[in-house]
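Heavy atoms only: backbone and side chains are in, while hydrogens, waters and symmetry mates are out. Each chain gets a letter, A, B and so on, in the order the sequences are listed, and its residues count up from 1.
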Amino acid sequence: MERQYFDEVYQVVRLIPKGRVTSYGAIAAYLGMRSGARLVGWAMNASHSLSDVPAHRVVNSKGLLTGKFHFKTPTTMQRKLEKEGIVIIEDQIQDFKKVFWDPSKELL
DNA sequence: CACTTGACTTATT
DNA sequence: TAATAAGCCAAGT
């Protein structure tokens, strides 16, 4: 169980500000992986064990809620994001560029 | 033990 | 411009 990247992924996700979202690739890049986005997805899948991991703030590069079906209910993810002020239409985040939070640039 | 799959992304054809 | 291939790590079969 060498989850060397898993823990790092969780920590970054935990640092996502409320009302902002990030992408799997951004997290992967911040961890030094060029294309470890899939691994980030796996980390999210395993994040169900944890309680402090706002996986709903992690979307794909297009701002699409691809992982919403992995939540308790398919609407949980969207509802949580909308509750934080993010507008979503047809599983697509509106003004994605504005709410996008890049750890490598904003977390420093 | 080897192959496939998975909440992805970028590059190439 | 759209479709396909390749690349990455971990876990499941």
Within the 4.0 Å heavy-atom criterion, would you say [X] contacts the bases, only the backbone, or no part of the nucleic acid?
X       : result
A/Ala43 : nothing
A/Asn45 : base
A/Phe71 : base
A/His48 : base

Taking the side chain of [X] as heavy atoms from C-beta outward, which of [options] is closest to it?
X       : options              : result
A/Met33 : B/dA7, C/dC9, B/dC8  : C/dC9
A/Trp42 : C/dG7, C/dA10, B/dA7 : C/dA10
A/Asn60 : B/dT9, C/dA10, B/dG6 : B/dT9
A/Tyr5  : C/dC9, B/dA7, B/dT9  : C/dC9

List the atom pairs, donor and acceptor, that lie under 3.5 Å between side-chain atoms in residues 96-108 of chain A and the rest of the protein, sequence neighbours left out.
| unit_1 | atom_1 | unit_2 | atom_2 | d |
| --- | --- | --- | --- | --- |
| A/Asp102 | OD1 | A/Ser104 | N | 3.1 |
| A/Asp102 | OD1 | A/Ser104 | OG | 2.8 |

Flag, side chain of A/Gln78 to backbone of A/Thr76, donor-acceptor distance under 3.5 Å
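No, the answer is negative, given that no donor and acceptor are paired below the 3.5 Å cut-off.
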Whole-Å gap separating [atom2] ([N]) and [atom1] ([X]):
X        : N      : atom1 : atom2 : value
A/Tyr24  : C/dA10 : OH    : C1'   : 16 Å
A/Glu8   : C/dC9  : CD    : P     : 14 Å
A/Phe6   : C/dC8  : CZ    : C1'   : 12 Å
A/Asp102 : B/dT9  : CG    : C1'   : 14 Å
A/Met77  : B/dA7  : CE    : C1'   : 8 Å
A/Leu39  : C/dA6  : CG    : P     : 21 Å
A/Tyr30  : C/dC8  : OH    : C1'   : 20 Å
A/Gln78  : B/dA7  : CD    : P     : 19 Å

Looking only at N and O atoms, is any donor in the side chain of A/Arg34 or the base of C/dG7 less than 3.5 Å from an acceptor on the other one?
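Not at all, since no donor on one side and acceptor on the other fall under 3.5 Å apart.
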Decide, yes or no, whether a salt bridge links A/Glu84 with A/Arg57 under the criterion of side-chain N to carboxylate O below 4.0 Å.
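Here A/Glu84 pairs with A/Arg57 in a salt bridge, since their nearest N and O are under 4.0 Å apart.
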Using atom C1' of each nucleotide, how far apart are B/dA7 and C/dA3 to the nearest Å?
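Their C1' atoms lie roughly 23 Å apart.
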Please determine, for B/dA7, whether a Watson-Crick or G-U wobble partner exists with both distances under 3.5 Å, and give it or none.
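Matched B/dA7 with nothing under the 3.5 Å cut-off.
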Would you indicate whether A/Arg14, at its atom CZ, is surrounded by more than 12 heavy atoms from other residues, nucleotides or ligands within a distance under 6.0 Å?
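Above 12, so yes.
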Examine B/dC8: is either OP1 or OP2 under 4.0 Å from a nitrogen or oxygen in the side chain of A/Thr66? Give yes or no.
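Answer yes for this pair, as a side-chain N or O of A/Thr66 is under 4.0 Å from OP1 or OP2.
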Below 4.0 Å: OP1/OP2 of B/dT9 and any side-chain N or O of A/Ser61
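Result: yes.
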Within one Ile-Leu-Val-Met-Phe-Trp-Tyr cluster: A/Leu64 and A/Ile88, side-chain cutoff 4.5 Å:
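Per the 4.5 Å side-chain linkage, A/Leu64 and A/Ile88 are not co-clustered.
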Please name the residue in the list A/Leu65, A/Val58, A/Ile93, A/Ile16 that meets the side-chain contact (heavy atoms from CB on, under 4.5 Å) test with A/Val21.
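Going through A/Leu65, A/Val58, A/Ile93, A/Ile16 one by one, the side-chain contact (heavy atoms from CB on, under 4.5 Å) with A/Val21 is satisfied by A/Ile93 alone.
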